[in-house]
Amino acid sequence: MAGNLLEVRNLKKYYSVKSGFLNKDCRSVKAVDGINLSVKQGEILGIVGESGCGKSTLGRSILRLIEPTSGEVIFEGTNICGLKKEEMRLKRREMQIVFQDPGASLNPRLTVGEIIGEPLEVFHICEGKEKEERIYKLMDLVGINRAYINRFPHEFSGGQRQRLGIARALAVNPKLIICDEPVSALDVSVRSQVLNLLKDLHKERNLTYIFISHDLSVVEYLCDKVAVMYLGRIMEYAGKRELYGKPLHPYTKALLSAIPVPDIHAKRDEVILQGELPSPLNPPTGCLFSTRCPMATDQCRQSRPELTEITGDDGTKRSVACFLYQ
């Protein structure tokens, strides 16, 4: 693998919420709060966590589909947060996204050929016969019959529509694709087909993915590294083998213990979290997880641990935001 294709430095996205008489009481929802991570060329980074933890906001902030409040997104050595509108438009050719709901992300008035061909026109890549041939090749690549080129999105199943979304993302030969829960709305059999397609395309084209999901078994199958998010911050960041083999953060342990296993008689240590996810408008004072953590101490309730890199007994490095390991 080469060097880092993408580096995210102290990225934040805050939303202002006004309330009270004449909307004078203004507070902030910290959807993404100081995220740091890096992705190498050809690597697959998984981002996991409960619903509402900021996974999708992080993915869209990286692409500037949502403008970050502050921080840096370094893509191939360039801070894209400082690019002007036209410069950012050209950079989008190398950074694409596959959305969670293919039905909502595809224009219902365009045919398959028009949907896949639109990026080719926008970036002036090809036209005429060359464009038509490229559309057919992309349809073959994702397993859509060439005879369906004039069909509309509503004529396809959910899995076929997601394949169409992947073909559209691949049309401009991007280097980075952010997959925002691309299989969460699909049936199990269709889900495996789309995952295998993503894995095959990764090998064939040396693509780099940021794969956002709440399904940890899917992340284990596909990803190389995993970042665990909670209330807008990363709790643990490690290689897949290290994280699934020996999770450190109590939140990570709770998430992994919730993965269903085929053998109902198998014995394992289940971690059942107590209480509800705190309101993003009123997060805990100390560690964000302290209100639900079975191992929380007074220090956890008063101070917030930073994400700190540690070295395991086997020499592998990981990062964890927990006083137990600092």
Side-chain angles (χ1 to χ4, degrees), residues 13 31-32 35 37 39 43-63 65-66 95-108 115 142-144 153-154 156-170 174 176-202 207-232 234-237 240 243-244 251-252 254-262 273 276-277 280:
K13 178 59 184 176
V32 174
I35 297 294
L37 53 83
V39 188
E43 196 171 55
I44 305 178
L45 170 66
I47 300 177
V48 301
E50 293 173 286
S51 297
C53 71
K55 305 186 299 294
S56 295
T57 303
L58 172 60
R60 297 182 185 210
S61 296
I62 289 173
L63 294 181
L65 296 178
I66 298 174
M95 308 168 72
Q96 291 290 306
I97 185 169
V98 177
F99 293 97
Q100 178 179 357
D101 184 359
S105 62
L106 301 175
N107 191 330
I115 288 172
V142 299
I144 298 177
H154 73 270
F156 292 94
S157 67
Q160 288 175 314
R161 284 198 293 265
Q162 196 59 284
R163 288 171 181 267
L164 179 54
I166 294 170
R168 180 180 62 180
L170 291 171
L176 171 69
I177 298 180
I178 293 182
C179 302
D180 186 6
E181 302 202 36
V183 296
S184 62
L186 304 179
D187 293 336
V188 175
S189 58
V190 179
R191 183 181 304 182
S192 62
Q193 294 173 10
V194 174
L195 286 173
N196 288 331
L197 171 62
L198 289 171
K199 199 163 191 176
D200 292 342
L201 291 171
H202 169 255
L207 291 171
T208 305
Y209 293 148
I210 294 180
F211 192 87
I212 299 168
S213 179
H214 58 260
D215 190 332
L216 282 95
S217 57
V218 168
V219 170
E220 183 180 16
Y221 172 73
L222 193 67
C223 300
D224 302 310
K225 293 196 301 187
V226 185
V228 181
M229 284 189 68
Y230 186 80
L231 284 181
I234 293 179
M235 297 288 106
E236 189 166 355
Y237 183 41
K240 175 178 67 177
L243 188 127
Y244 282 82
Y251 179 58
T252 309
L255 288 181
L256 293 180
S257 74
I259 299 176
V261 293
L273 296 179
E276 297 292 329
L277 189 71

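Just so it is clear, the values below take in all heavy atoms, side chains as well, and ignore hydrogens, waters and symmetry mates.
- Contact check for Gln100 versus Ile212: no side-chain heavy atoms found under the 4.5 Å cut-off.
- A donor-acceptor distance shorter than 3.5 angstrom exists from the side chain of Arg161 to the backbone of Phe156, with no hydrogens or angles considered.
- Between the side chains of Glu50 and Tyr251, at least one donor N or O lies within less than 3.5 Å of an accepting N or O.
- A distance of 11.5 Å separates CG in Leu65 from OG in Ser56, rounded to the nearest 0.5 Å.
- Expressed to the nearest 0.5 Å, how far CD of Glu43 lies from CG of Leu45 amounts to 7.0 Å.
- Between Leu207 and Leu176 the shortest side-chain heavy-atom distance does not fall below 4.5 Å.
- Atom CG of residue Leu277 and atom CG of residue Leu231 lie 5.0 Å apart, to the nearest 0.5 angstrom.
- Leu106 places none of its side-chain heavy atoms less than 4.5 Å from the side chain of Phe99.
- Residue pairs meeting the salt bridge (charged side-chain N to carboxylate O under 4.0 Å, His left out) criterion with at least one member in residues 185-202, sequence neighbours excluded, are Arg191-Asp215.
- Annotation: side chain of Phe211 is not in contact with side chain of Asp180 (no heavy-atom distance under 4.5 Å).
- The side-chain heavy atoms of Lys13 and Arg60, taken from C-beta on, include no pair separated by under 4.5 Å.
- Ile44 places a side-chain heavy atom less than 4.5 Å from the side chain of His202.
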(request) Carefully, step by step, assess Leu216 and Val226 under the rule side chain to side chain contact (heavy atoms under 4.5 Å, CB included). (result) CA-CA 10 Å; Leu216 282 95; Val226 185; over 6 Å; no

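- Residues Leu63 and Ser61 form no side-chain contact, since every pair of their non-hydrogen atoms from C-beta on lies 4.5 Å or further apart.
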